Amino acid sequence: FPSHDIRLRTGLGAFEQEGRHGAGRMMGEWAPLFSDDSGVVLVQFIGMNFSSEQLGGLATAVGTPFWFYDAAVMQQRIADIRYVCGDAVQPRFAMKACPNGRVLREMERSGVWIDAVSGNEVLRALRAGYSGGSNPPRILFTADVFRDNALDVVLEHGILPNVGSP
């Protein structure tokens, strides 16, 4: 994280705070987990309970619709899934459920692999830090047909396809 202003916007808020950690003017204590130039920051809010007025204020500040991801909840759900799977099953995330780059990076950091259904989803997973190749197959391409750029992307990056029938 840069030591200058961290701006929370595009899906997580619209307040600014100096430094790495601090008290947001509107939402209280927060700790950023990671950020990049896109402006979306995955944060962990510490002991936060939001009133309808606070959520309304956030909606007014950033516009709607907006997406708010609670990093602590996400991390707990990932831990729950990893616990249930144990060492016997490798969990995969169907990225069509939420292709947000910050969410994908958290999945990758936590050892959850990806199930992609398009060439563009494969490219998004690669941008989020997943490695290509098929040993191990961290990205699995699942589809009934190869459309658009899918075949080229799968071949170029050595992605393991899981092909069904239409």
Side-chain angles (χ1 to χ4, degrees), residues 1-3 6 8 10-13 19-22 24 27-50 65-166:
F1 286 102
S3 60
I6 294 174
L8 303 181
T10 310
L12 286 177
R20 294 176 63 121
H21 304 281
M27 295 196 278
E29 290 292 314
W30 57 276
L33 299 177
F34 51 77
S35 176
D36 64 19
D37 294 333
S38 72
V40 176
V41 179
L42 180 64
V43 298
Q44 182 172 1
F45 291 95
I46 303 163
M48 295 306 300
N49 291 308
F50 296 100
F66 68 91
W67 291 263
F68 187 96
Y69 301 102
D70 186 322
V73 170
M74 187 182 339
Q75 291 162 348
Q76 183 58 55
R77 296 301 177 266
I78 292 169
D80 294 344
I81 290 167
R82 295 206 54 88
Y83 174 78
V84 169
C85 290
D87 294 333
V89 176
Q90 172 59 52
R92 288 190 181 274
F93 178 66
M95 71 180 289
K96 67 183 172 183
C98 183
N100 180 286
R102 289 344 133 265
V103 171
L104 296 177
R105 278 194 272 289
E106 186 63 23
M107 295 292 176
E108 196 278 331
R109 187 190 69 74
S110 300
V112 175
W113 295 359
I114 290 294
D115 184 37
V117 297
S118 72
N120 287 334
E121 283 189 358
V122 170
L123 294 173
R124 185 177 285 252
L126 291 166
R127 282 193 304 274
Y130 283 90
S131 59
S134 60
N135 191 17
R138 286 183 167 75
I139 302 171
L140 181 67
F141 175 78
T142 300
D144 295 334
V145 295
F146 284 85
R147 297 181 308 182
D148 305 320
N149 64 348
L151 184 57
D152 292 336
V153 170
V154 164
L155 292 173
E156 179 180 344
H157 298 283
I159 303 299
L160 182 66
N162 176 24
V163 181
S165 60

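Keep in mind it's a predicted model, so treat the numbers as computed, not measured. These values consider heavy atoms only, across backbone and side chains, with no hydrogens, waters or symmetry-generated copies.
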Notebook entry, point to check: Would you say Asn135 has more than 12 foreign heavy atoms packed within less than 6.0 Å of its CG?
Noted result: no

Item checked: Flag side-chain contact, heavy atom, 4.5 Å: Asn149 against Leu123 -> yes

Next item on the list: Drop me the distance from Arg105's CZ to Tyr130's OH, to the nearest 0.5 angstrom.
Entry: 11.0 Å

Next item on the list: Mind listing the closest non-hydrogen atom pair of Ile159 and Gly133 along with its distance?
Entry: CD1-N, 4.2 Å

Next item on the list: Taking the side chain as every heavy atom from C-beta outward, state whether Ile139 and Trp113 have any atom pair closer than 4.5 Å.
Entry: no

Checklist line | Arg124/Glu121 salt bridge by N-O under 4.0 Å criterion | finding: no

Next item on the list: Check Ser131 against Leu126 and note the closest heavy-atom contact, atom names and distance.
Entry: C-CD2, 4.0 Å

Checklist line | Minimum heavy-atom distance Ile78-Ser110, with the two atoms named | finding: CG2-CB, 3.5 Å

Check: Can you find a heavy atom in the side chain of Asp80 that is under 4.5 Å from one in the side chain of Val84?
Finding: no

Note to self: Under a 3.5 Å distance rule, please check whether Arg92 uses its side chain to pair with a backbone N or O of Ala116 as donor and acceptor.
What the structure shows: no

Margin query: Counting C-beta onward and ignoring hydrogens, is there a side-chain heavy-atom pair between Ile114 and Leu140 closer than 4.5 Å?
Written below: no

Next item on the list: Of all the heavy-atom pairs spanning Phe141 and Val122, show the shortest one and how long it is.
Entry: CD1-CG2, 4.1 Å

Checklist line | Residue pair Gln75 / Arg109: nearest heavy atoms and the distance that separates them | finding: NE2-NH2, 3.8 Å

Margin query: Quick check: do Phe146 and Asp152 have side-chain heavy atoms less than 4.5 Å from each other?
Written below: no

Checklist line | Nearest heavy atoms of Gln90 and Val112, plus distance in Å | finding: NE2-CA, 4.1 Å

Check: Got Met107 and Arg102 here, is their nearest side-chain heavy-atom distance under 4.5 Å?
Finding: no

